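Everything on this sheet refers to the single structure shown next.
Quick caveat: nothing in here was measured; it's all calculated off a predicted structure. Numbering starts at 1 and runs along the sequence shown.
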Amino acid sequence: QVQLVESGGGLVQAGGSLRLSCAGSGSDYSLNVLGWYRQAPGKQEELVAAAKRGGSTTYADSVKGRFTISRDNAKNMAYLQMNSLKPEDTAVYYCTAGGLGYGPTYWGQGTQVTVSS
């Protein structure tokens, strides 16, 4: 059984920063890839960033240079440091996990991030 619990969302002004955290529980295989997806109102969910246990990462073009994903493998934690936030970053952010590729198998409950202009 895989569980993912996010924290750290909130309201921030444009240009500000937030750090999201995700606490995962489950097998090493199930948590091989930890990532963050987001869904804005009226839009499909999209990959924001993901990191494999071995260290490789991927980012959406829209967040490159502003967001950084990291993980603590010993604690099964994942983090998303978000800097220079823009109103278009407003969305529900979901922690995700999976065994192989960057496509997620498991989802957390989501945390709201709102960026005001």
Taking CD in Q3 as the centre, count heavy atoms belonging to other residues, nucleotides or ligands within less than 6.0 Å. Is the count above 12?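 No - once you tally the heavy atoms of other residues, nucleotides and ligands closer than 6.0 Å, there are 12 at most.
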Rounded to the nearest 0.5 Å, how far does [atom2] of [Y] lie from [atom1] of [X]?
{"X": "Q39", "Y": "Q44", "atom1": "CD", "atom2": "CD", "answer": "8.0 Å"}
{"X": "S7", "Y": "Y79", "atom1": "OG", "atom2": "OH", "answer": "9.0 Å"}
{"X": "T90", "Y": "Q112", "atom1": "OG1", "atom2": "CD", "answer": "7.0 Å"}
{"X": "L20", "Y": "Q81", "atom1": "CG", "atom2": "CD", "answer": "9.0 Å"}

Would you please name every residue forming a salt bridge (charged side-chain N to carboxylate O under 4.0 Å, His left out) with [X], sequence neighbours left out?
{"X": "E88", "answer": "none"}
{"X": "R38", "answer": "E46, D89"}
{"X": "K64", "answer": "D61"}

Return all side-chain donor-acceptor pairs below 3.5 angstrom for residues 48-58, not counting sequence neighbours, or 'none' if the list is empty.
{"unit_1": "R53", "atom_1": "NH2", "unit_2": "D28", "atom_2": "O", "d": "3.3"}
{"unit_1": "S56", "atom_1": "OG", "unit_2": "Y102", "atom_2": "OH", "d": "3.4"}

Do V92 and L80 land in one hydrophobic cluster if side-chain heavy atoms of ILVMFWY residues count as linked below 4.5 Å?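 Per the 4.5 Å side-chain linkage, V92 and L80 are not co-clustered.
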Closest heavy-atom contact between [X] and [Y]?
{"X": "L18", "Y": "V113", "result": "CD1-CG1, 3.9 Å"}
{"X": "S117", "Y": "P87", "result": "CB-CG, 3.8 Å"}
{"X": "G24", "Y": "L31", "result": "C-CD1, 4.1 Å"}
{"X": "R66", "Y": "L85", "result": "NH1-CA, 3.9 Å"}
{"X": "V115", "Y": "K86", "result": "CB-O, 3.3 Å"}

Hey, could you give me each pair passing ring pair (Phe, Tyr, Trp, His ring centres under 6.0 Å) that has a residue in residues 21-72? Not counting sequence neighbours.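 Qualifying pairs, neighbours excluded: Y37-W107.
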side-chain hydrogen bond (donor to acceptor under 3.5 Å, both in side chains): pairs with one or both residues in residues 15-27, sequence neighbours excluded: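 Residue pairs with at least one partner in residues 15-27: S17-N83, S27-S30.
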Check: E6 side chain, G110 main-chain N or O, donor-acceptor pair, under 3.5 Å: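 Answer holds: yes.
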